[in-house]
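Presented below is the structure to which this report refers.
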Amino acid sequence: MKPFLAALALLALSAPAAALKPQLSGLLDRQKMPEAAYAAVMGGWVVNVPWAELEPQPGQIAPNNELDRAIAAARAWNRAHPSHPLFLKLRVVAGIESPAWVKARFGPPLAVTSPQSGAAGTVPRFWTPDFMAAYAKLHAQLAAKYDAVPELREVVTAGCTSVYAEPLIRQGSDRAWIRDLLAAGYTDKLDEACQVAQIDAAKAWKGTRVSLSFNPYQRVSSAGKVTPDLAFTLRLMDECRARLGQQCVLANNSLRVAEQGGDSPQMYARMKALGAPLMFQTATLAKVGDLKSTLQKAVDLGAAAVELPTGYTRTTPADLAPFDTALRKNAK
């Protein structure tokens, strides 16, 4: 075993024992409860909730929110289909989806536009310790309410986010955003601290797995130059496993057949070396190349779950079933 892997193994063994729920496994609908014809060959779905909807006022988790409704739907399905239950992953989207009170509390928010999708909005000053304290309180409130819910198997931590729940991406081609970031006091060192703090924020969860989406880190220099820093990404993987042990699910949200657009074969190789628990979201159907080949790639890397792209129903349940089975075999 390589030295860094041996060291991580020792850290995981020395971490306090926790009664972790089984890993979320199988194929997942990334947006909603799957149709009945597909639910039989899937493991569940992702509940995507804007932070603004979940905590519209500080300290108040909204009643009958989207997660509550998803838990009720999963529970009803599982009662009716005990041989093939469905489970949930919670992705609370921060960044442009943060509440107005968060955006106002830590200084004026900053405008950003995604060069890929055109999605735009304003982002709170996520790199500040005060912001991260508010984000940690969100995790604490959610864990107090939902950690013991058996249908909820995994939660995303992504406080250092701009547009999507991919906190290592900085939307570097939006030059006005980069300019405003630096003028507001952002530095790459503060960002690095934020990346680690979002892992610690998730320690409030004791039984639920915690996933973090990795990409080659987009480092913003003091001069505004944006460059990929894969070495930091790999160190952050080590930090996640060191701090959370097997509770940390290493994830990536852009898997496709050919590495491009910021993907990294070295990053995937490190994920495979670190081992389970791993999960992936595929790229969009237009970018994925071939869906079956991409799913096989996830299986080969050791993933236990894959979020399918919108439009996956163009592939039959019978064709998806073998991948669901193979992913489940990778679960830990």
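Starting from 1, each residue takes its place in the sequence as its number.
- Follow the hydrophobic side-chain contacts under 4.5 Å out from Leu250 and you never reach Leu28; the two are in separate clusters.
- Rounding to the nearest 0.5 Å places NZ of Lys103 at 6.5 Å from OG of Ser98.
- Under the 3.5 Å distance criterion, the side-chain polar atoms of Thr113 are left unmatched by any main-chain donor or acceptor of Gly118.
- Counting heavy atoms from C-beta on, the side chains of Thr310 and Thr284 never come closer than 4.5 Å.
- A donor-acceptor contact shorter than 3.5 Å links the side chain of Asp147 to the backbone of Gly207.
- Met279 is not connected to Val257 by any chain of hydrophobic side-chain contacts under 4.5 Å among Ile, Leu, Val, Met, Phe, Trp and Tyr, and they are in different clusters.
- Checked against Thr157 for a side chain to side chain donor-acceptor pair (under 3.5 Å), the options Lys203, His139, Arg91, Gln198 give a single hit: His139.
- Other residues, nucleotides and ligands contribute over 12 non-hydrogen atoms within 6.0 Å of the CZ atom of Arg175.
- The shortest heavy-atom contact between Ala298 and Leu255 is CB-CD2, 3.7 Å.
- Scored by the ring-ring contact (aromatic ring centres under 6.0 Å, His included) test, Trp45 finds no partners at all (sequence neighbours excluded).
- Atoms OG and CZ, from Ser293 and Arg256 in turn, are 14.5 Å apart once rounded to the nearest 0.5 Å.
- Under the salt bridge (charged side-chain N to carboxylate O under 4.0 Å, His left out) criterion, Asp188 pairs with Arg219, sequence neighbours left out.
- Between Phe232 and Leu168, some side-chain heavy-atom pair lies under the 4.5 Å cut-off.
- The side-chain heavy atoms of Leu291 and Asp319, taken from C-beta on, include no pair separated by under 4.5 Å.
- For Lys272 (side chain) and Gly302 (main-chain N/O), no donor-acceptor pair under 3.5 Å exists by modelled atom type.
- Every residue was checked against the salt bridge (charged side-chain N to carboxylate O under 4.0 Å, His left out) condition with Asp180, not counting sequence neighbours, and none meets it.
- Applying the side-chain hydrogen bond (donor to acceptor under 3.5 Å, both in side chains) rule to Asp300 yields the partners Gln296; only residues at least two apart in sequence or on another chain are considered.
- Hydrophobic clustering, with ILVMFWY side chains joined whenever heavy atoms are under 4.5 angstrom apart, groups Met132 together with Leu138.
- Lys89 has a carboxylate O that lies under 4.0 Å from a charged side-chain N of Glu307, or vice versa, which qualifies the two as a salt bridge.
- Applying the ring pair (Phe, Tyr, Trp, His ring centres under 6.0 Å) test to pairs two or more places apart or on separate chains, those with a residue in residues 144-191 are Trp127-Tyr186.
- In this structure, the side chains of Leu295 and Leu320 come closer than 4.5 Å at one or more pairs of heavy atoms.
- The ring-ring contact (aromatic ring centres under 6.0 Å, His included) test applied to Phe126 returns no partner, not counting sequence neighbours.
- The NZ atom of Lys189 sits 4.5 Å away from atom CD of Glu192, with the distance rounded to the nearest 0.5 Å.
- Between Ser264 and Gln266, the side chains place a donor N or O and an acceptor N or O closer than 3.5 Å (distance only, hydrogens not considered).
- Remark: the backbone N or O of Ala52 is not paired with any side-chain donor or acceptor of Glu97 at under 3.5 angstrom.
- Atom CG in Leu181 sits 9.5 Å away from atom CZ in Arg125 (nearest 0.5 Å).
- Two residues are said to be in side-chain contact when any heavy atoms from C-beta on lie closer than 4.5 Å; Tyr135 and Pro124 fail this criterion.
- At least one donor-acceptor pair closer than 3.5 Å links the side chain of Arg241 to the backbone N or O of Cys248.
- Pairs passing the ring pair (Phe, Tyr, Trp, His ring centres under 6.0 Å) check and including a residue from residues 68-112, sequence neighbours excluded, read Trp77-His81.
- Between Arg270 and Asp238 there is a salt bridge, since a side-chain N of the basic residue sits under 4.0 Å from a carboxylate O of the acidic one.
- Sorted pairs that involve residues 269-332 and meet disulfide bond (SG atoms under 2.5 Å apart), not counting sequence neighbours, are lacking altogether.
- Cluster annotation: Tyr217 and Val163 are assigned to the same hydrophobic cluster (Ile/Leu/Val/Met/Phe/Trp/Tyr, side-chain heavy-atom contacts under 4.5 Å, transitive).
- Every residue two or more places apart in sequence or in another chain was checked for a salt bridge (charged side-chain N to carboxylate O under 4.0 Å, His left out) with Arg105, and none qualifies.
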Run Thr208 and Leu90 through side-chain contact (heavy atoms from CB on, under 4.5 Å) and show every step you take. CA-CA 10 Å; Thr208 306; Leu90 172 63; over 6 Å; no
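- Val156 and Ile169 are assigned to two separate hydrophobic clusters, defined by single-linkage of ILVMFWY side chains at heavy-atom distances under 4.5 Å.
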With side-chain contact (heavy atoms from CB on, under 4.5 Å) as the test, would you mind laying out the steps for Met42 and Leu308 before giving the verdict? CA-CA 10 Å; Met42 297 179 70; Leu308 292 169; 3.8 Å; yes
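- In this structure a side-chain-to-backbone donor-acceptor pair under 3.5 Å is present from Gln218 to Arg170.
- The side chain to side chain contact (heavy atoms under 4.5 Å, CB included) check on Ser173 picks up Pro115, with sequence neighbours excluded.
- Within the 4.5 Å cutoff, no side-chain heavy atoms of Gln23 are placed close to those of Gln246.
- Sorted by first and then second residue, the ring pair (Phe, Tyr, Trp, His ring centres under 6.0 Å) pairs with a member in residues 234-256 form an empty list; sequence neighbours excluded.
- Nearest heavy-atom pair, Ala74 versus Glu151, reported as atom, atom and distance to 0.1 Å: CB-CG, 4.1 Å.
- Atom NZ of Lys292 sits in a sparse spot, with 12 or fewer heavy atoms from other residues, nucleotides or ligands closer than 6.0 Å.
- Listed by chain and number, the residues in a side chain to side chain contact (heavy atoms under 4.5 Å, CB included) with Arg179 are Ala176 (sequence neighbours excluded).
- Ring-plane geometry between Phe280 and Tyr268 is classed as perpendicular, the angle between the planes exceeding 60 degrees on a 0 to 90 degree scale with a lower cut at 30.
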Go through the steps for Val220 and Asp191 under the test side-chain contact (heavy atoms from CB on, under 4.5 Å), then give the verdict. CA-CA 9 Å; Val220 181; Asp191 196 348; over 6 Å; no
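- When only modelled atom types and interatomic distance are considered, Arg30 and Thr282 share a side-chain donor-acceptor pair under 3.5 Å.
- In this structure, Leu24 and Ser211 have side chains that are not in contact, with every pair of non-hydrogen atoms separated by 4.5 Å or more.
- Note that CG of Leu20 is 11.5 Å distant from CZ of Arg153, once rounded to the nearest 0.5 Å.
- With rounding to the nearest 0.5 Å, the separation of CG in Leu234 from CE in Met271 is 10.5 Å.
- Of the possible polar contacts, none joining the Ser213 side chain to the Glu166 backbone as a donor-acceptor pair under 3.5 Å is found.
- A donor-acceptor distance shorter than 3.5 angstrom exists from the side chain of Thr161 to the backbone of Ala158, with no hydrogens or angles considered.
- Looking only at distances, a side-chain donor or acceptor of Asp68 sits under 3.5 Å from a matching main-chain atom of Asn64.
- Between Asn215 and Thr233 there is no side-chain heavy-atom pair separated by less than 4.5 Å.
- The main-chain N or O of Glu154 is never found under 3.5 Å from a side-chain atom of Lys21 such that the two would form a donor-acceptor pair.
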